[in-house]
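In the text below, chain A, chain B and the rest are named by the order of the sequence lines, each starting its count at 1.
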Protein chains: 4
Amino acid sequence: MLDRWLGSVAAAGRDLLRSRGWVNKDGKTALSLAELCEQLLSSRGEALGTAIASAVVERCKEFDDEQREAFFSLLLEGYGVDSTALDTAIANYQNEPGAAARDRLNAATEAPRQELFRRINMAPDGTRTLVALRAELLRSLRRRPELKEVDSDLRHLLGSWFNRGFLRLTAIDWKTPAHILEKLIAYEAVHAMNGWDDLRRRLAADRRCFAFFHPAIDDEPLIFVQVALCRGMATSVQTLLEEPIDSSAEQHADTAIFYSISDCQRGLKGVTLGNFLIKQVVLELQRELPNLSQFATLSPIPGLVGWLQENRDSIEPSGDDSDAVLALLDEIASGGEQDAAWQRLEQSGGQPLVERLAAHYLYRAKRGQQPFDPVARFHLRNGAGIEQVDTLGDTSAKGRSQSLGAMVNYRYRLENVERNHEAFVSEQQIVTERPFNRQLERVKRR
Amino acid sequence: MLDRWLGSVAAAGRDLLRSRGWVNKDGKTALSLAELCEQLLSSRGEALGTAIASAVVERCKEFDDEQREAFFSLLLEGYGVDSTALDTAIANYQNEPGAAARDRLNAATEAPRQELFRRINMAPDGTRTLVALRAELLRSLRRRPELKEVDSDLRHLLGSWFNRGFLRLTAIDWKTPAHILEKLIAYEAVHAMNGWDDLRRRLAADRRCFAFFHPAIDDEPLIFVQVALCRGMATSVQTLLEEPIDSSAEQHADTAIFYSISDCQRGLKGVTLGNFLIKQVVLELQRELPNLSQFATLSPIPGLVGWLQENRDSIEPSGDDSDAVLALLDEIASGGEQDAAWQRLEQSGGQPLVERLAAHYLYRAKRGQQPFDPVARFHLRNGAGIEQVDTLGDTSAKGRSQSLGAMVNYRYRLENVERNHEAFVSEQQIVTERPFNRQLERVKRR
Amino acid sequence: MLDRWLGSVAAAGRDLLRSRGWVNKDGKTALSLAELCEQLLSSRGEALGTAIASAVVERCKEFDDEQREAFFSLLLEGYGVDSTALDTAIANYQNEPGAAARDRLNAATEAPRQELFRRINMAPDGTRTLVALRAELLRSLRRRPELKEVDSDLRHLLGSWFNRGFLRLTAIDWKTPAHILEKLIAYEAVHAMNGWDDLRRRLAADRRCFAFFHPAIDDEPLIFVQVALCRGMATSVQTLLEEPIDSSAEQHADTAIFYSISDCQRGLKGVTLGNFLIKQVVLELQRELPNLSQFATLSPIPGLVGWLQENRDSIEPSGDDSDAVLALLDEIASGGEQDAAWQRLEQSGGQPLVERLAAHYLYRAKRGQQPFDPVARFHLRNGAGIEQVDTLGDTSAKGRSQSLGAMVNYRYRLENVERNHEAFVSEQQIVTERPFNRQLERVKRR
Amino acid sequence: MLDRWLGSVAAAGRDLLRSRGWVNKDGKTALSLAELCEQLLSSRGEALGTAIASAVVERCKEFDDEQREAFFSLLLEGYGVDSTALDTAIANYQNEPGAAARDRLNAATEAPRQELFRRINMAPDGTRTLVALRAELLRSLRRRPELKEVDSDLRHLLGSWFNRGFLRLTAIDWKTPAHILEKLIAYEAVHAMNGWDDLRRRLAADRRCFAFFHPAIDDEPLIFVQVALCRGMATSVQTLLEEPIDSSAEQHADTAIFYSISDCQRGLKGVTLGNFLIKQVVLELQRELPNLSQFATLSPIPGLVGWLQENRDSIEPSGDDSDAVLALLDEIASGGEQDAAWQRLEQSGGQPLVERLAAHYLYRAKRGQQPFDPVARFHLRNGAGIEQVDTLGDTSAKGRSQSLGAMVNYRYRLENVERNHEAFVSEQQIVTERPFNRQLERVKRR
């Protein structure tokens with residue numbers, strides 16, 4: 001593939017701009033970004049269009065904060081829907097309703113910035129730049145909610161371009177080029193990697209890693225999942241991360257544990273990728289290793305402690321254990337050193353209580369009609385069921401302070417995934433597996 | 001890349017359909033195509049969605065003519081814009097104009113078939129199927145003009161998916177896999193290839209071939225161009241196709257002749273690809289072979305004879321030569337054997353007249369404000385200039401009967417291409433090179 | 001891989017030669033081939049060595065017959081063992097036997113042409129040139145048996161370089177680059193291919209093709225085998241070559257038929273490749289298609305008619321059928337048109353006799369202690385057993401005139417291959433399968 | 001390429017061994033290594049041969065020291081030349097001298113272990129195992145000089161298999177698979193790499209790295225060279241290793257500095273690779289970056305201090321500087337902390353003296369007729385000239401204690417390399433460049 005032509009196009013484009021007097025002596029474009037955008041939308045020639053688009057992309061890459069915010073304002077105010085034109089289009093449609101008038105009405109309801117984005121996408125690195133731009137836009141959005149409509153347009157286009165039919169599932173291993181691997185280290189969001197040795201262990205013979213790529217950004221994973229090949233369910237992430245390599249796992253493993261799923265591109269937030277990934281990886285693993293009979297995650301419970309802080313009365317007073325839990329919650333709330341409180345909890349035999357609290361939380365705590373826990377929402381909506389709560393599943397500082405050290409397995413049974421998904425979406429039904437049912441019963445009995 | 005997962009997804013999807021009782025004993029889907037489409041649009045689960053999409057794709061591949069037309073009718077009538085809903089959306093917008101109401105209005109102006117197409121695109125082979133479907137749709141359109149709005153929606157989506165940023169320019173040579181090469185033979189539209197020996201000669205050391213590919217249809221070229229490396233301008237396509245291989249052309253060639261450009265996918269008609277291709281190939285050739293200083297086509301003049309038939313008075317009576325031309329035109333019109341008339345033309349010394357007629361035609365004959373000749377329109381719009389008319393450029397039967405054997409070179413000067421393009425588009429200005437100017441003068445002088 | 005450096009080395013080498021005044025104005029080397037060889041052996045610098053080696057290679061490629069024979073003479077007379085030096089080395093060893101003297105004796109017994117060949121091998125295209133040279137040498141050898149010692153040295157080196165550990169088994173299909181595929185057409189030795197359509201059918205979904213490659217000649221297969229996936233044993237090569245593609249063969253085939261094995265490089269004669277190939281392909285097919293339970297060839301019996309001509313009395317007079325066979329043999333011997341004789345054989349019901357003759361021939365006819373038939377020798381030595389004679393297996397003109405239309409299946413049972421091989425080699429034991437045993441019994445009964 | 005067949009062959013081979021009762025219940029081979037070798041040499045079947053070879057390879061991989069030494073003894077005593085047979089072959093030759101007798105004499109002078117090694121090489125991983133074995137053999141050789149003849153045989157075969165025509169020059173960069181890159185870190189012998197960040201910097205846009213690979217060991221570089229793109233000669237390795245990335249070096253660099261060459265395979269000692277590498281990399285760089293006009297090393301002077309310790313009188317008493325140098329030499333000799341002595345040298349203005357000593361040493365110090373310094377021997381033999389001594393070129397502890405901090409540039413002028421090489425080899429002539437000549441003059445003047 002002749003990817004280098006992109007460079008040639010950019011170089012030729014610069015000559016074109018120069019021939020128009022649009023390039024300064026220092027090699028920078030003489031036009032303002034607003035002028036560039038105007039030229040880009042009005043230009044009908046492709047080579048010039050590409051050249052201007054490249055100049056816009058170049059400008060975007062060099063933005064300081066102020067310039068970026070000014071560009072967002074330009075997109076919002078200069079490239080929104082023209083209300084007068086829309087009113088005219090409505091009037092025309094009402095006068096003479098028909099396909100043509102409807103098409104013009106449709107066009108009038110689309111903000112011109114969509115076409116602007118499409119043209120920027122023609123430049124070398126255009127797609128990448130737009131994804132990066134949206135990451136920044138999402139950040140600005142918190143302070144400037146009016147940018148929502150800009151974001152909506154951009155997300156719409158990205159959703160179309162990152163259509164699932166264009167994504168490529170790729171197995172990652174230690175033979176993968178280093179410039180891809182270093183991005184795994186950078187993007188791992190769940191259980192941080194301490195450099196290359198750590199990465200190497202996670203790509204050993206008893207592990208698997210899969211990522212989605214898009215052809216237009218072929219050196220950047222979009223999302224990746226890390227899998228451990230185990231015998232039986234994995235219940236502790238520390239054990240899993242630290243255990244020695246089991247070089248015969250391919251022969252005797254019966255369970256695949258998805259222990260980390262990381263989105264890599266903040267700019268693709270809201271463009272669904274993760275649910276496709278897990279199910280396709282299950283299919284791929286079934287094909288490669290027919291001995292596997294269970295597929296499950298080992299997942300954090302990120303909302304547990306926050307919810308308990310707000311719902312302390314759900315902790316029924318039961319003795320040492322409940323006292324210890326409450327003391328630990330206090331310590332976490334105060335941001336203090338938690339080691340002593342944690343040890344007290346361990347000594348109090350408090351893990352059964354933690355298990356009950358986590359089970360209760362996962363099954364009953366709601367935000368609206370949805371589960372309170374965001375990770376639970378993701379997997380349950382995705383068609384998984386709750387397999388079991390794993391106390392002491394993550395005893396790191398992070399694990400203690402977000403979930404009292406507990407984790408949870410979500411089970412993926414491919415044959416039920418669709419049914420579970422629909423039951424969850426339409427009836428808010430949470431599917432549970434036998435071990436979790438037993439844990440739930442202990443909650444009820446009390 | 002794990003492309004095989006597509007197969008796995010399809011297989012798993014079939015199990016899902018089976019679990020719903022939607023698969024007959026013979027393995028075929030039990031639902032009608034209309035029911036499948038309904039399920040596809042309403043389904044929220046991805047795996048099931050993919051499975052249904054695959055079933056739709058499967059159905060499309062097996063269409064007989066009647067079924068296909070019925071599907072087009074379904075798309076037209078069942079998945080068009082809902083006028084009532086649109087009226088409501090207009091009313092709502094007029095009551096409370098704002099971004100939200102406008103978004104809903106935008107949604108109401110979009111035919112649901114667009115979403116249907118998007119979901120079909122999720123299936124393995126989805127993109128390919130939709131491109132093939134549009135090829136059939138264009139054929140039906142001649143008889144059923146009402147399908148135009150279906151086509152418009154499909155073309156809109158294909159235009160977005162075949163965005164230039166996603167196309168890959170690829171050099172084709174004799175080391176290219178055979179399953180790609182056989183498609184060049186099949187798709188060559190300008191100067192037919194007689195099998196593999198002919199292809200091999202066109203991929204020899206003094207030739208180049210480039211194609212655009214799209215990642216979702218990676219075994220099918222979208223469009224390709226064939227280039228000959230020459231010394232000086234090429235003026236006869238027979239010479240060019242038959243000359244022995246010049247194995248040192250890379251060293252001494254100064255001119256690249258684009259002698260054939262073939263669109264491969266009828267279903268992408270109207271999705272601009274060709275103009276990008278030529279200019280990028282010029283850039284690529286400049287990079288590879290810095291000795292090249294001229295880039296030009298050797299192009300047919302497909303409309304010349306037809307136009308002369310309609311404009312016989314443009315052939316001023318000048319003696320033997322004009323008589324011979326008129327006699328040949330008669331022969332062509334009658335569909336008779338042209339050899340005798342052709343020989344008479346040759347003996348009459350009629351080529352200067354043919355040259356004048358072709359020059360006049362290319363420069364003056366119009367359809368509206370545009371050049372009458374479709375190939376001229378393409379290259380002039382693309383930013384090329386007319387270099388010269390080549391009499392006896394194509395002496396094949398096809399060449400004689402469409403253009404009295406004449407061809408034409410269009411010259412691409414990359415540094416002027418943009419300016420030419422804009423002058424052509426905004427002022428209908430036709431750029432000409434010195435040799436053609438001299439040919440034109442001979443027209444005027446008479 | 002930077003294979004282009006080979007070109008750079010050659011270019012730089014030419015400069016080196018030029019700097020010594022060894023290049024003429026026309027760019028050709030000024031030295032004679034004999035002088036080049038002398039310089040090559042004496043040169044200690046690598047770049048110069050490579051340059052001279054390249055000049056030798058260039059010279060070899062342009063040889064006319066006379067020059068080639070002169071070069072063979074040079075290799076024979078100028079680069080043989082030096083008898084005087086050898087006598088000295090023997091004397092030294094006998095005076096003081098030890099490792100050092102033995103090494104010098106070993107060196108003195110090796111003809112200097114071996115080192116010359118090693119140095120030629122350093123040039124770009126060196127290996128390829130030496131293989132081509134040996135092909136010519138083998139041809140000359142018939143007239144000039146004294147060249148045998150040159151051949152012996154060259155073959156020794158090629159044997160070491162084409163060591164099995166360096167060969168790569170590669171699957172060939174319709175996605176293989178065309179410049180490789182065209183060589184299959186050229187090299188197919190058993191059942192000729194009629195161009196690309198024929199090749200394409202042989203690479204369809206119900207066929208397999210595998211080849212060995214060597215890294216130093218990576219665009220040339222060394223040997224390849226063609227396989228048909230069948231249900232049950234294939235007994236007719238015409239059926240096999242002409243039957244329509246069975247696109248579900250991968251699912252239901254239980255037998256892999258090796259119907260053609262072609263050596264591609266005459267220059268590698270005597271360097272064992274074929275026996276490795278078949279067994280590795282069996283292993284590869286078992287892995288890919290676990291449903292396969294039988295592996296067998298469909299092989300010609302090239303020596304049958306020749307042997308029958310010499311052993312006519314083995315055809316016991318039995319009536320019409322034996323008369324018809326004898327008449328056909330006469331027709332073949334006379335080189336006349338065989339159609340009438342063939343039809344007479346068919347009408348006489350002579351196939352049972354042909355079967356008996358072929359069975360007798362395969363099992364009993366000998367050359368020394370070995371089977372008379374060369375193909376039988378190859379497969380039996382290789383560890384196969386005789387499965388059955390297939391009358392009317394090859395009814396082409398070639399098939400009729402070499403084996404009265406009969407073919408034979410050799411069965412490969414991987415678990416027995418070693419034992420069969422050793423039994424054959426040490427005790428001349430021919431392994432037979434049950435169907436062939438029954439055919440043999442019919443021979444005996446008469 | 002179907003490399004997995006190697007695994008299949010090994011698996012099938014095990015079945016063969018099992019069928020002979022040569023495999024224990026624990027899956028290990030029942031035969032002793034001596035028995036395996038005997039079987040391997042006597043076996044005529046290829047599959048069995050491969051199986052036995054694999055068993056030998058497996059055994060070699062698991063050797064403890066004692067087993068390995070025992071194997072070396074077996075190779076020495078059990079597979080050496082048979083003197084009696086050799087005497088017979090000599091007698092036969094003397095009776096009837098001719099090609100056949102000479103061939104048999106040649107065979108009788110070759111130790112059977114050569115054939116044993118060839119057969120081991122047929123196993124999967126055979127080549128790799130033999131290279132590893134030789135690395136161990138070289139270690140043993142120091143204590144057991146009698147093994148020299150085993151080594152000589154092994155080296156002979158490796159020299160033939162690692163023939164330059166089979167090596168592949170490969171550019172290494174940050175897109176190279178990680179399992180190759182980690183080997184660069186492990187094998188870097190000159191300036192140690194501190195992990196992946198360090199490696200990444202050495203593969204940045206202003207650096208190049210090239211390696212030779214062999215097809216039979218395709219995941220192991222054999223030797224690699226690291227290059228810095230600079231303006232002007234580089235004179236300090238610390239500067240070079242620590243300077244920030246110059247991302248525009250490709251445009252403006254005029255000098256390529258080879259600052260590190262590392263052999264990766266101890267087992268290939270004596271098999272010439274390095275000299276090819278440098279010259280081919282020069283050619284490759286010239287092609288990629290035509291602006292480069294100088295090619296030179298920045299090399300250590302590993303023997304300087306050792307030689308000065310032995311030749312203290314070469315340090316003429318000249319004041320503070322010579323006192324400081326002598327004091328530093330004392331400190332180095334005593335193995336003490338050198339910081340104070342080093343600082344004294346710096347304060348004494350002793351660098352001009354160091355320069356003179358290094359220049360004298362490089363040009364005059366000899367071992368036999370060759371330069372005393374091993375790195376100087378390598379590059380001068382290779383055709384380079386001495387460009388200049390760089391005082392303070394390597395101020396690391398290693399640099400101080402081996403060369404008083406000095407380094408040296410060797411200049412490669414491709415057009416002179418051959419002539420220099422021959423002048424060096426035949427007349428021991430050391431080529432010097434102008435800057436070094438001036439440095440030498442300062443030595444003389446004193």
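Applying the 6.0 Å contact sphere to CZ of C:R144 captures more than 12 heavy atoms from other residues, nucleotides or ligands. No more than 12 heavy atoms of other residues, nucleotides or ligands lie within 6.0 Å of CZ in C:R155, so this atom counts as exposed by the packing criterion.
Of the two parts of D:N121, the backbone and the side chain both hold a non-hydrogen atom closer than 4.5 Å to a non-hydrogen atom of chain C. C:I90 touches chain D through its side chain: at least one heavy atom from C-beta onward sits under 4.5 Å away, while N, CA, C and O do not. There is no contact between C:L157 and chain D, counting heavy-atom distances below 4.5 Å.
Ring geometry for D:W161 against C:F166 counts as perpendicular: the plane angle is over 60°, on a 0 to 90° scale with 30° as the lower cut.
Of the listed residues (D:Q94, D:H214, D:R102, D:K148), the greatest number of heavy-atom pairs within a distance under 4.5 Å of chain C belongs to D:R102. Contact tally against chain C (heavy-atom pairs below 4.5 Å) for D:T127, D:V281, D:D87, D:V81: the top residue is D:V81.
To the nearest 0.5 angstrom, C:T109 atom OG1 is 9.5 Å from D:Y93 atom OH. Going from atom NE2 of C:H156 over to atom CG of D:D103 covers 10.0 Å, rounded to the nearest 0.5 Å. Here C:R119 contributes atom CZ and D:N163 contributes atom CG; the two are 11.5 Å apart, rounded to the nearest 0.5 Å. Rounding to the nearest 0.5 Å places CG of C:L105 at 12.5 Å from CD of D:E110.
When all heavy atoms are compared, the tightest approach of D:D218 to C:R168 is OD2-NH2, 4.4 Å. For D:A99 against C:E149, the heavy-atom pair with the smallest separation is CB-OE2, 4.0 Å.
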